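Only one structure is covered here, and it is reproduced in the block below.
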Amino acid sequence: YKSMHRESVQNPKKFWGNMAKQELAWFQEPKKVLEWKVPFAKWFGGGRLNLSHNCLDRHLDGPRRHKAAIVFEGEPGDVRVLTYQQLHDEVCRFAHALKGEGVKKGDRVMIYLPMVPEAAIAMLACARIGAVHSVVFGGFSAEALKDRIHDCGAKLVITADGGYRRGQVVNLKKNVDAAVAASPDVRRVIVLKRTGTVEKLNEIDRWWHEITDHQSPDFPPEKLESEDPLFILYTSGSTGKPKGILHTTAGYLLGAHLTTKWVFDLKETDLFWCTADVGWVTGHSYTVYGALSNGATTLMYEGAPNQPEPDRFWRIIAKHRVSIFYTAPTAIRAFIRWGDQWVEKHDLSSLRLLGSVGEPINPEAWLWYHRVVGGGRCPIVDTWWQTETGSHLLTTLPGIHVMKPGLAGVPFFGADLAVVDEKGKPVKDGVQGKLVIRKPWPSMLRGVYGDPDRYQKQYWSEVPGAYFTGDGAKRDKDGYFRVIGRIDDVLNVSGHRLGTAEVESALVTHPAVAEAAVVGRPDDLKGQAVVAFVTLKTGQKAGNDLMAALREQVSKEIGPIAKPDQIRFAEALPKTRSGKIMRRLLKEIAAGGAVKGDVTTLEDLNVIASLQSSSSEEG
Ligand code: WTA
């Protein structure tokens, strides 16, 4: 590891040039490995390839042809298995259908589907024709979907009548109808029949099966350039609305492919289950692209972990003989709370490797995961990365590195990570600082869609010459990184990224609200809980009804995942003399937890603020 990592960082062109040739299938091999003009990278110039060809066609000539590519289990218990050949055929049929609807190379296509195989099929079909997909998690609201449609200028939306979640039907189509009604540029909505809850389509809609089933199962993959855009995925930042993170073809694929292969120590016979929804980057890179590019079998599960009972995940692992299981600490903490008996009821002897992702894992949760789920025999990889990084950048490699509970691990190949101080200088081991990346890596974001300035400002101006991750970290004497969490105004709620500014602007769209400030509060289950401090317009009355209305407002603007856990009404928000909200103070108040039982009287935060010394004047 050490010598390979050193070489990969010192001579990235050689390392990645070799990896690209060795690991990916090219129509034309690249001529130039890297062009780097801070902060803009071009990887594998002159190369031509197609991601769906790498994930499908290249497996069809050998023994993988009739191997399961996707094992799907729906929440009601329905199971479907698609072999590589079958998946290839479905992707080709759907690619024809998309072409038939006028989708061309470079067009943006919105995907708003449940966790069903068609989500992967839609992504791969876009990749096959060179269209740029943007998957939106089904838990986001109509309003959030509309914003994303407008931002990327999508003309086509792929959805389903509904999906199953906690025994209920999530009415995706209703949200799409509302979003599309406010999006004059959308010309077509393709609707998958999943729940049978939509009887009649609108004029703009077509059933998935009606435009797909009769199509040819052959569709030659478009010979795309390495830097052709592959997808846009929206994620929360510290300012404004979510940003469209742009990833391109070759570099992204190489990162997703190689990390899946090495971090999960993938074997031909594995059944790999990454529990992330395809609406998040983890679902993109590991459930779909990384697994399929390696010719692995990937498991997709549609629903909730506690439906019908808290042992659904363990039931699935035992039934399908899952060997690699990759989930989030927030889920692990919920399992702990539900009790060991739900896990112990099932034969989990098929498991050989466990993974954690999305937020720091506390050592207690790590040890429980290792002992109870992993039976004390499975290594755990704690993978740190971001929507922006495209693939893992910190992890241990099973069989190579010692695991340390609570520490993500060491830099993956090609990753030049450092912990730096306010001035951008590396700090001593053991000292906390900002986590930065000092060199380009193949699966890095190529920018913020439609906003090159924001890319530069947001990521490349905090620390000169380096990419700032937004995370705080510490490195130990063995070179292991402990990621502390976000030090910018981004929250991590149940492993989901949420911008405080986003929630604040959702709150102020309510007519009763004058000002809002949102902060995170440590939470045993969710990692962080959302606390909103709100001031009201004159004549408005605080109370339980308004509190419920405000939570509803956030759910409508963003989605149920963003609903504040607590809303505190205040006379005024504590501000510095220059008028900046004193967030650190609000965080302390939120963490203190003392809330008056009576929500109809307003808290006077200025009194608390005035008690603080001037040292808290940080804005
Ligand atoms: C956090 C999810 C600690 C981190 C893949 C990062 C983690 C943000 C870990 C990105 C981990 C992710 N240990 N923190 N193993 N993995 N994070 O874009 O704060 O949804 O910046 O990508 O999640 O969230 P995103």
Side-chain angles (χ1 to χ4, degrees), residues 135-137 139-140 231-238 242-247 252 255-256 259-260 263 274-287 289-290 326-333 354-363 365-366 369 380-396 403-412 415 417 419 432 434-437 443-445 448 458-459 462 467-475 480-499 502 520 526-528 561-562:
V135 186
V136 176
F137 173 56
F140 282 119
F231 68 84
I232 298 166
L233 186 58
Y234 286 85
T235 191
S236 298
S238 49
K243 313 173 285 242
I245 301 301
L246 178 70
H247 281 286
Y252 169 79
T259 48
T260 308
V263 175
C274 162
T275 65
D277 191 280
V278 287
W280 309 110
V281 75
T282 309
H284 282 60
S285 300
Y286 297 101
T287 310
Y289 289 130
Y326 187 36
T327 197
T330 187
I332 297 167
R333 292 191 297 264
L354 303 174
S356 171
V357 61
E359 52 181 317
I361 180 165
N362 44 311
W366 194 105
Y369 194 30
I380 297 178
V381 289
D382 177 4
T383 60
W384 175 91
W385 61 299
Q386 311 180 296
T387 306
E388 292 87 341
T389 69
S391 57
H392 304 150
L393 289 191
L394 278 175
T395 180
T396 49
M403 305 171 283
K404 300 191 187 189
L407 276 76
V410 295
F412 189 73
L417 297 172
V419 181
Q432 187 178 328
K434 297 173 179 170
L435 182 63
V436 299
I437 311 171
S443 65
M444 67 192 282
L445 75 163
V448 174
Q458 186 95 35
Y459 300 103
E462 176 100 6
Y467 167 96
F468 175 47
T469 61
D471 279 317
K474 262 184 207 178
R475 196 172 66 175
Y480 281 56
F481 289 70
R482 179 192 296 277
V483 177
I484 315 285
R486 303 292 303 204
I487 47 176
D488 54 3
D489 290 324
V490 172
L491 306 180
N492 193 327
V493 181
S494 301
H496 299 151
R497 258 168 86 165
L498 213 52
E502 228 179 303
K526 297 169 139 190
Q528 274 185 308
I561 51 170

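Index from 1, following the sequence. Owing to the predicted nature of the structure, the values given are computational and were not obtained by experimental measurement. In each ligand, atom 1 is the first atom listed, and ligand 1 is the first ligand listed.
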Item checked: Distance-only side-chain donor-acceptor flag, T383 / Y286, under 3.5 Å -> no

Notebook entry, point to check: Under a 4.0 Å heavy-atom cut-off, which residues neighbour ligand 1?
Noted result: V281, T282, V357, G358, E359, P360, D382, T383, W384, W385, Q386, T387, D471, V483, R486, N492, R497

Next item on the list: Not counting sequence neighbours, which residues clear side chain to side chain donor-acceptor pair (under 3.5 Å) with R482? List them please.
Entry: none

Next item on the list: Give the intermediate values and the outcome of ring pair (Phe, Tyr, Trp, His ring centres under 6.0 Å) for residues F231 and Y252.
Entry: CA-CA 10 Å; F231 68 84; Y252 169 79; 4.9 Å; yes

Next item on the list: May I ask you to check whether W280 and F140 place their ring centres under 6.0 Å from each other?
Entry: yes

Next item on the list: Decide yes or no for S391 and F412: does some side-chain heavy atom of the first lie under 4.5 Å from some side-chain heavy atom of the second?
Entry: no

Note to self: Can you confirm whether the side chains of E388 and T469 place a donor and an acceptor under 3.5 Å from each other?
What the structure shows: no

